[in-house]
Amino acid sequence: MLYGQMMKFPLTTHSIIEYGNRVFPHKEIVSKMPDGSWHRYTNAEMYKRTKKLASVLVRQLGVQPGDRVATFAWNHYQHLELYFAIPGAGAVCHPLNIRLSSEQIEFIVNHAEDKVVFLDASLIALFEPFASRLTTVKHLVIMNASDELLTSLPNILHYEDLIAQGKDDFDWVEVDENQACSMCYTSGTTGNPKGVLYSHRSTYLHAITTMTPNAANISSADRFLSICPMFHVMAWGFPYMCLLAGADTIMPSKHLQPASLIDMMQKEKITLANGVPTIWMGIYEELKRNPIKGNLSLKEFMVGGSAFPAGLIRRFEEDFGIACFHGWGMTETSPVVTVSRLQSHHHIMNDGDKIRIRAKQGIEMPGVEIRVMQEDGTIAKKDGKTFGEFEVRGHWIISGYYKMENINSHSKDGWFKTGDVGTMDEYGYMELTDRTKDLVKSGGEWISSVALETTLMNHPHIAEAAVIAIPDEKWVERPLACVVFKEDKTVSGNELNEFLLGHFAKYQLPKRYVTLKEIPRTGVGKFDKKKMRSLYAEGKLV
Ligand code: ADP
């Protein structure tokens, strides 16, 4: 055996913050804080405070290597400090999804055995109801408390007091690159939340790869608006990417209304942003309603987490000159597995075909592999037609859930079974049509609820549409479409089926339409189909 003679240099989040401080100390971190004030400082200042915080975690709060330390917070500079200080102390940064139910959060904190929780003062009311039932938490640290803070929580510490006591010459706790640096729980749309532990190495490799031009294409020329919550799969890796790429980081905390985000984009000259489809649909409508003076500097945004309708990709570009790129992933996959961008051979296509490619979920990034597994255990052809379940493996794909065994999450030969179903075309672009649990099987034929939803959302009068399967005597299942109309607009079911007929066979059309004011959503803004199915079963969706 002849080994290469290159140095062994561990891939860690320590090295990410060190790089950001060494090469881009002058880059800005801007936060619009929960109380509406603005906070600005540089990477160099962030670095110093992060060191202080790490020193306090170890020396005063008794955090040991491998301990889980939770955050319950909006996107802002202190949350960013925690992203690096907790692993810097050898521990595991565990952002909690503030939008889950009390029962779910209580379950998650107790299951993860979090030792410390860092809590935004503006979120205390959400935390108090279950705080007394948390069995492992030894310290609660409040961030951004005002002088009149009133809380029933016992023995609280204050974030800025801790920082003031810290030492900025603290040495990061040495870690092996395969140690855990962070964790997230799935949002439990398909069962109890499950814990996913990311390693220093997987975090580094995911960030380095997602930065590249075929994916996020982020550089030191960018000013990045981090809309995706830091509790949603580590904000898709962007906090790490901004330091590695030297992009300025701008964070909105709770100011997520479309008008506030647009205002921030204008004031801060944002060039790149990320967010789930709901956010971008809201921004589009707001821009239409209240056209801004001049152009936004936003050149592109990343959208993912749910399918993004092709019509909206086109309208963003035609109406406002803003491009978007679509990515796919899961909590279990760090998250980014694929991104959809056009390649050189696509340029001869007409605009409609180009948009259809961009609306697909995209091609795999280097470092991960995807296969499309059919029900009979054979791998589907790459023809854009043959369906199967996506199975993935790679550097940043889960090998097992935290403290859970035997849950049939992997194939016998070690691939992670995503539960997402779809096709892959000859160029490797995958297109997701459903989750295995959401599929509609009608008269022996699969119907794609995602395709029905995205097509309905292309209708000019529809704001949102979600499709579930409902029982049918003749066909076993048929689709039920729940639609939210834009202000003052309504369209009959027959007219909507006419609209769909250009794209679908007759048997695929929804059996019924239900008009809703809003579609039930999960903690990370996806259609909550489990809830919709139970509402239907209770007779409330008729
Ligand atoms: P949870 O699994 O807890 O709902 P995740 O954020 O991990 O939360 O969700 C992952 C799922 O979201 C994927 O398995 C897929 O079904 C869906 N998803 C993610 N990105 C896309 C996308 N670009 N298009 C369609 N569905 C997507």
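The figures that follow rest on heavy atoms only: side chains count, while hydrogens, waters and symmetry mates do not. All figures in this text were calculated on a predicted structure; none of them were measured in a lab. In listed order, ligands and their atoms are each counted from 1.
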Fill in: Atoms in ligand 1 with a heavy atom of His326 nearer than 4.0 Å
22 (C), 23 (N), 24 (N)
Item to complete: Examine distances only and state if a side-chain atom of Gln361 and a backbone atom of Leu432 form a donor-acceptor pair shorter than 3.5 Å.
Response: yes
Worksheet item: Is atom CD of Glu538 surrounded by more than 12 heavy atoms (other residues, nucleotides or ligands) closer than 6.0 Å?
Response: yes
Discussion item. Below a 4.0 angstrom heavy-atom separation, can you tell me which part of Pro335, side chain or backbone, both or neither, approaches ligand 1?
Written reply: neither
Worksheet item: Within the structure, does Glu332 bring an N/O atom to less than 3.5 angstrom of an N/O atom in ligand 1?
Response: no
Worksheet entry | Pair Glu332, Tyr401: side-chain N/O donor-acceptor within cut-off below 3.5 Å | yes
Practice prompt. Is it possible for you to check whether Arg371 lies under 6.0 Å from the centre of the six-membered ring of Phe390, through NZ or CZ, and within 45° of that ring's axis?
Written response: no
Discussion item. Considering both backbone and side-chain atoms of Lys526, is one of its nitrogen or oxygen atoms within less than 3.5 Å of a nitrogen or oxygen in ligand 1?
Written reply: yes
Item to complete: Could you pull out, from Thr522, Thr338, Val421, Asp420, the option with a heavy atom nearest to atom 13 (C) of ligand 1?
Response: Asp420
Worksheet item: For atom 11 (C) of ligand 1, which candidate among Met430, Arg435, Met330 holds the nearest heavy atom?
Response: Arg435
Practice prompt. Would you indicate which of Cys184, Gly305, Cys228 comes nearest to atom 20 (N) of ligand 1 when only heavy atoms are counted?
Written response: Gly305
Fill in: Short side-chain donor-acceptor distance under 3.5 Å, Ser253 and His76
no
Practice prompt. Assess the side chains of Ser442 and Lys511: does a donor N or O sit below 3.5 Å from an acceptor N or O?
Written response: no
Fill in: Arg314 with Asp351: basic N within carboxylate O range, under 4.0 Å
no
Worksheet item: For Lys354, does the NZ atom sit with more than 12 other heavy atoms under 6.0 Å from it, leaving out its own atoms?
Response: yes
Response to the item:
Filtering Ala307, Ala359, Ser340 for the heavy atom nearest atom 25 (C) of ligand 1 leaves Ala307
Practice prompt. For Thr186, take its heavy atoms, then give the atoms of ligand 1 lying under 4.0 Å from any of them.
Written response: 3 (O)
Fill in: Residue Gly327 vicinity, atoms of ligand 1 by number, heavy atom under 4.0 Å
20 (N), 22 (C), 23 (N)
Fill in: His232-ligand 1 polar pair, N/O distance under 3.5 Å
yes
